[in-house]
Amino acid sequence: MIEPVSRQLLARSLLLGIASAMLSVWAAVDALADPVRLRADYWCPYNCDPGEEYPGYMIEIARRAMERLGLETDYQLMPWDRAMSEVRDGRIDGAVGATALEADGLVLSDPLGLDTDCFFVTPQSDWRFKGIDSLTGVLLGAVSGYTHDEGPIDAYIVTHDRPHGRVTTTTGDDASSRNIRLLLVGRVDVILDSKAVVAMEAARQGQAKNIVMAGCLEALPLHIAFSPKYPDSAKLVGALREEVAELRRSGRLAEILGHYGLEDWQP
């Protein structure tokens, strides 16, 4: 026979257990309801200003995909180096526009586009990219932390990015647009960046006629890279896959990309 005191202790223990279980459930629900934190530097048309009507096609797709899971999207601009650091640490949930190499160890979405990086000069320059040796003798402007070819060009930038070196890198949310301005005022001889980004930014600055493409690298797939510390990263990847497939079937993907002057990356 259970003594009255023992029964009271047993009842109290059961109540504490139930309360603890309910708190765990509520915490899980609250975590699931938190917005998905996506970050990147300004790299339009892939991701643009959060306050613009067209915030970037990757952001438009991501928002629709997150809605499939009942989640909101918190998208803000952040310097790329910092975004990659914070997604690894779990301080943010995803970095938008990452290549596979720079996102090593993160949870990658299916490719959400292709990035062709090119060299750009002013019309007065007769320089053209003819292999890595052709970079000797010019001052190259690039964005800190970007991946361009996952090979010799990236190694060249790391090796020569130092004071009075052959490479100067910019940081910040507007690094690409600043590099264009540096090229136009003669602070650098050549810049290396995404073909689509430079085309859009040069047009926005009214400088499209003052920038000339001088050779390109091989295109690389782009992804949203999610933190392995985000518990439902695999679900986010799956939602993106389903959303892109549906957008492609309905023809809506072509409409979204058309706002940015782009076409479907998948033939």
Side-chain angles (χ1 to χ4, degrees), residues 39-49 52 56 58 77-85 95-99 101-102 113-130 132 134-220 222 260-262:
R39 302 288 185 270
D41 59 351
Y42 185 90
W43 210 45
C44 204
Y46 303 105
N47 60 279
C48 309
D49 192 300
E52 293 179 359
M58 283 192 177
L77 296 177
M78 176 182 288
W80 186 244
D81 284 341
R82 181 181 165 194
M84 293 305 296
S85 173
V96 180
T99 65
L101 182 64
E102 63 191 344
L114 294 172
D115 170 44
T116 301
D117 281 0
C118 299
F119 297 90
F120 296 88
V121 297
T122 60
Q124 294 74 32
S125 174
D126 60 0
W127 182 90
R128 296 296 182 268
F129 177 69
K130 298 178 181 178
I132 198 163
S134 64
L135 293 172
T136 303
V138 297
L139 178 58
L140 176 67
V143 178
S144 177
Y146 278 13
T147 297
H148 301 285
D149 70 341
E150 301 182 345
I153 297 298
D154 292 334
Y156 177 90
I157 291 172
V158 170
T159 300
H160 297 285
D161 179 20
R162 58 179 183 269
H164 310 297
R166 298 177 188 170
V167 177
T168 180
T169 57
T170 55
T171 61
D173 300 338
D174 61 344
S176 292
S177 61
R178 286 167 53 208
N179 274 349
I180 291 174
R181 292 194 292 271
L182 290 175
L183 175 67
L184 293 172
V185 299
R187 295 280 298 277
V188 296
D189 303 312
V190 183
I191 60 173
L192 173 60
D193 208 332
S194 166
K195 178 180 177 181
V197 171
V198 171
M200 180 161 283
E201 184 58 29
R204 191 178 71 85
Q205 294 184 25
Q207 299 288 352
K209 295 181 179 180
N210 296 321
I211 295 178
V212 176
M213 197 160 55
C216 296
L217 305 175
E218 185 177 349
L220 295 176
L222 296 175
Y260 305 91
L262 301 174

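All values below were derived from every heavy atom in this structure, side-chain atoms included, with hydrogens, water molecules and symmetry-related copies excluded.
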| request: Can you see which heavy atom on S144 is nearest to which on T171, and at what distance? | output: CB-CG2, 3.5 Å
| Does one side chain, of S194 or D117, offer a donor that lies under 3.5 Å from an acceptor on the other? | no
| query | Any donor and acceptor pair, going by atom type alone, linking the side chain of Y42 with main-chain N or O of L77 inside 3.5 Å? | reply | no
| request: Could you verify whether a donor N or O on one side chain and an acceptor N or O on the other, from D154 and T147, lie under 3.5 Å apart? | output: no
| Quick one: do the E102 and T99 side chains pair a donor with an acceptor below 3.5 Å? | yes
| field | Point-to-point distance, once rounded to the nearest 0.5 Å, from CG of L262 to OH of Y46 | value | 6.5 Å
| message | I need the T169 OG1 to N179 CG distance, nearest 0.5 Å. | response | 8.5 Å
| query | Got E150 and L220 here, is their nearest side-chain heavy-atom distance under 4.5 Å? | reply | yes
| query | Any idea which heavy atoms bring P45 and Y260 closest together, and the distance? | reply | CB-CB, 3.6 Å
| field | Residues which pass salt bridge (Lys or Arg N to Asp or Glu O under 4.0 Å) with R178, listed by chain and number, not counting sequence neighbours | value | D174
| query | Shortest non-hydrogen contact from M78 to D173? | reply | C-OD1, 3.1 Å
| message | As an exercise, state the distance from CD1 of I191 to OG1 of T168, rounded to the nearest 0.5 Å. | response | 12.0 Å
| said: What I'd like to find out is whether the side chain of I157 reaches to under 4.5 Å of the side chain of H148, using heavy atoms alone. | reply: yes
| query | Roughly how far, to the nearest 0.5 Å, is the CG atom of L140 from the CG atom of D189? | reply | 9.0 Å
| query | For F120, does its backbone N or O pair with a side-chain atom of W127 as donor and acceptor, under 3.5 Å? | reply | no
| remark: In short, G97 meets L222 closest at the heavy-atom pair O-CD2, 3.5 Å
| field | Heavy-atom side-chain proximity of W80 to V143 below 4.5 angstrom | value | no
| said: For the CZ atom of F129 and the SG atom of C118, what is their distance to the nearest 0.5 Å? | reply: 10.5 Å
| message | Could you measure the distance from the SG atom of C44 to the CE atom of M58? Nearest 0.5 Å is fine. | response | 12.0 Å
| field | Listed partners of Q124 passing side-chain hydrogen bond (donor to acceptor under 3.5 Å, both in side chains), at least two apart | value | T122
| query | Does Y146 have any side-chain hydrogen bond (donor to acceptor under 3.5 Å, both in side chains) partners at least two apart in sequence or in another chain, and if so, which? | reply | D41
| task | Kindly indicate, with the supporting measurements, whether the criterion side-chain contact (heavy atoms from CB on, under 4.5 Å) is fulfilled by I153 and L135. | result | CA-CA 10 Å; I153 297 298; L135 293 172; 4.1 Å; yes
| task | Would you sort out whether F119 and R128 count as a side-chain contact (heavy atoms from CB on, under 4.5 Å), showing the intermediate values? | result | CA-CA 8 Å; F119 297 90; R128 296 296 182 268; over 6 Å; no
| Closest heavy-atom contact between E52 and C48? | OE1-CB, 3.6 Å
Which donor-acceptor pairs under 3.5 Å do the side chains of residues 209-219 make with protein atoms, sequence neighbours left out?
| unit_1 | atom_1 | unit_2 | atom_2 | d |
| --- | --- | --- | --- | --- |
| N210 | ND2 | Q207 | OE1 | 2.5 |

| task | Taking the side chain as every heavy atom from C-beta outward, state whether R39 and V96 have any atom pair closer than 4.5 Å. | result | no
| field | By side-chain hydrogen bond (donor to acceptor under 3.5 Å, both in side chains) - contacts of D149 (at least two apart) | value | none
| query | Is a side-chain donor or acceptor of S125 paired with a backbone partner of V121 at a separation under 3.5 angstrom? | reply | no
| request: Would you mind listing every salt bridge (charged side-chain N to carboxylate O under 4.0 Å, His left out) that reaches into residues 195-207, with sequence neighbours excluded? | output: E201-R204
